[in-house]
Amino acid sequence: MIKDYFLNKIEIAVKKAAEAGKLGQLREYGLNTLVVERPKNVEFGDYAVNVSCLAKNAKMAPPLIAQSVLEFVDKEDNEYSAVAGFINFKAGENLLCNLIEEIIKKKSDYGKPENVEKEKIILEYVSANPTGPFHIGHGRWAAMGSVLANLLKFYGHEVYQEFYINDAGSQIQKLGNSLAVRIRQQLGENIDFPADETERKNFYPGDYLIAVAKEYLKTHTGLPEDSEQLCDFAKNYEEKVQKELLEKFRVHFDNFFSELSLHKSGEVEACVNKLKASGKIYEKDGAVWFKSSEYGDDQDRVIKKADGSNTYLTADIAYHIGKLQRGFDRMIDIWGADHHGYVARVKASIEALGFNPDKLEVLLGQLVNLVVNGEEVRMGKRKNMITLEDLINEVGVDATRFWMTMRNIDTTLDFDIDLAKKNSDENPVFYVQYAHARACSIIRNAVNDKTDSLTGKTIPAAVSAGEYSDLINNFDKSLLYGNIADGKKLVLKLEEYKSLIENSAKTRQVYTICRYVQELAGEFHSFYNSVRVINDSKKLTLARLALVYSVKTVLNNALAILSVSAPERM
RNA sequence: GCGUGCGUAGCUCAGUUGGAUAGAGCGUUUGGCUACGAACCAAAAGGUCGGGGGUUCGAAUCCCUCCGCGCGUACCA
């Protein structure tokens, strides 16, 4: 990376200057004390290093340090300057040309870091109850999770995506009971869910079960003897609906893991026994408690209720231990912020059972507010809530994915439906896609003959198909020299992609990719408006086409990570 | 109450781990198409970084303390 190149040059210079006794009392330079930054004011340079942090040991004023260091820098064809306590750097042609060459040669692999410590990661997200359609919040986890998976894979990790189906427990009974009511309605009975608030909570009164009831009656004549049949039917139906929507939303899971299977296989019970054996268990009020407070949780937790059944936590412990036993180096879970209290207790259980709790990383996502006509619509309070499917149908997969991903996971997301629907400059998705389409269009125009609209004469293509193919397949960077100055800002933005991938993968922050793609599109539009790519000079045209092709490539790569389409025409 | 997240331009948000004059997009105002897509670009206006203390050469960023908002605080899942 250019940034590392620059830092390296400075570090060598600092060492030399110190050895030569030009840095006051400073004799040795410890690595990692200097940090490269992007100057806020572009006039200063492309990158800068602040040497103030050396001042203490050197007992010298920062501006003098900068001056001294500068004398020892091997500058090559780059430009350096010392201003106040800063050493500023402007990249020369060599670095820029190398970068374009790198993109064109690596293509879809551009930005993939080398020598990554590969981890085997299990990424768990969405993990909804199979009791109804996804709500909008699920959409955020689905989008962010799948982008994170794409990113971590591209970065070099092995990623296994899993959906934990909460198909055990009282909510399934509730689902079956609700379906029974809907079926009886279909059979003509005058019956409805209880009007009483607290009794109503034992049912799912949403309209969606009406369709399930109709489906059920296609193959059955009435209610079954065994109510469990209804539970299974409804559960399977909803699971199928959920899976279909995930496909449509470009979210792929390697596995759907059933909670029920943990109970049936005895793994949950085995887990309880292991905890008992560990001595971190006691009985109180007829229930079995786990001493999670000994591991940082704020209180102990029940793992077996007084009625003998297990809690949700118990299955979750078994599930996470199972993940570790399946051989994963790292578990990443995406949970809604409403589950944040769970982090401490699950980590506690992992530690109590002898595993390293740091192997579990929980990304807590703040919730989603829907904004309709400029007003927030609280989810869940309305009987006829807007589902994820409604939203996707309304604004499309691309826009939904982008909007769900574009904000920091720590902030509550306001999803403005009206804005996301607009095909205009208010919508960042279109801005980015337009940049890609524009790049494609320029390339098309460069290699295709045109007809003059006034005279009807054929205008020959600026570049032949052979020349273009040669450009992108046997790239010769010498053609860039002397022709790249106008696109410098754009090249630096393309270079930034490398650190973007690295930082985003390490911090798990995927929204940065959405931001980057907007910035790159912005630089490209600006470049486009300032110079003509196709012009009278063949060499200059080819050089600029190489730049356009690089932009198209990087946009494509980034949008692929977002699983947002990169259209050639719009 | 305790835990947790947030509070930055009219609105929606960045701010690369403490550094140069706090930045984008939208909105507003102004300018730019008989040339590669104007779904675009260029420029201007707009700020007590929630308030108050503290730490130091230097704070939106770290510490303390208030204020406001969301979420959680089950032997539900």
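Here is the naming used below: chain letters follow the sequence lines, and residue numbers restart at 1 for every chain. Note that the structure is predicted; figures quoted are calculated from it, not measured.
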Roughly how many Å apart are G7(B) and A45(B), using the P atom of each and rounding to a whole number? 27 Å
_In whole Å, measure the gap between the P atoms of G31(B) and G23(B) for me._
27 Å
Relative to the ring of Tyr342(A), is the ring of Tyr312(A) parallel (under 30°), tilted (30 to 60°) or perpendicular (over 60°)? perpendicular
A60(B) to G54(B) separation - P atoms, rounded to the nearest Å: 15 Å
Rounding to the closest angstrom, what is the interatomic distance between G52(B) and A59(B) at atom C1'?
-> 15 Å
For this session: State whether a side-chain donor-acceptor pair under 3.5 Å links Ser550(A) with Thr553(A).
Result: no
Review point. What do the steps show when you test Asp398(A) against Ser565(A) for side-chain hydrogen bond (donor to acceptor under 3.5 Å, both in side chains), and what is the final call?
Key: CA-CA 7 Å; Asp398(A) 282 344; Ser565(A) 65; 2.4 Å; yes
* Contact class for Asn408(A) (heavy atom, under 4.0 Å): base, sugar-phosphate, or nothing? -> sugar-phosphate
Of C6(B), U73(B), G37(B), the nucleotide closest to the side chain of Thr411(A) is C6(B)
How is Val36(A) classified with respect to the nucleic acid when contacts are heavy atoms under 4.0 Å: base, sugar-phosphate, or nothing? nothing
### Task
Would you indicate what Ser526(A) reaches in the nucleic acid, counting non-hydrogen atoms under 4.0 angstrom: base, sugar-phosphate, or nothing?
sugar-phosphate
*Side-chain donor/acceptor of His340(A) to base of G3(B), under 3.5 Å*: yes
Between Ala437(A) and Trp289(A), whichever has its closest RNA chain B nucleotide further toward 5' is Ala437(A)
*Any donor-acceptor pair under 3.5 Å joining the side chain of Tyr164(A) to the base of A77(B)?*
no
Ring centroids of Phe430(A) and A39(B) base under 5.5 Å with planes under 30°
no
Asp410(A) CG to G15(B) P, in whole Å, measures 10 Å
- prompt: In whole Å, what separates the C1' atom of C66(B) from that of U29(B)?
  reply: 40 Å
task: Verify the ring-centre separation between Phe163(A) and Phe257(A): is it less than 6.0 angstrom?
output: no
Heavy-atom donor-acceptor pair, Asn88(A) side-chain to A20(B) base, under 3.5 Å: yes
Here the distance between atom C1' of G23(B) and atom CD of Gln518(A), to the nearest Å, is 14 Å
**Asked** Looking for any heavy atom pair under 4.0 Å, which part of the strands does Ala337(A) touch: base, sugar-phosphate only, or nothing?
**Response** sugar-phosphate
Under 5.5 Å between ring centres and under 30° between planes: does that hold for Phe44(A) against the base of A20(B)?
-> yes
At 4.0 Å (heavy atoms only), tell me whether Gln171(A) reaches a base, stays on the sugar-phosphate, or touches nothing. sugar-phosphate
request  = Pick the C1' atom in G25(B) and in C62(B), then give their distance to the nearest Å.
outcome  = 30 Å
Practice prompt. Could you tell me whether Asp298(A) contacts a base, only the sugar-phosphate backbone, or nothing, with contacts defined as non-hydrogen atoms closer than 4.0 Å?
Written response: nothing
Hey, does Met570(A) reach any base, or is it just sugar-phosphate, or nothing, if we go heavy atoms under 4.0 Å?
base
Margin query: By the 4.0 Å heavy-atom rule, please label Ala48(A) as base, sugar-phosphate, or nothing.
Written below: base
So, do His339(A) and A77(B) meet the stacking rule of ring centres under 5.5 Å and planes under 30°?
yes
Ile442(A) atom CD1 is separated from C36(B) atom P, nearest whole Å, by 10 Å
Contact class for Asp316(A) (heavy atom, under 4.0 Å): base, sugar-phosphate, or nothing?
nothing
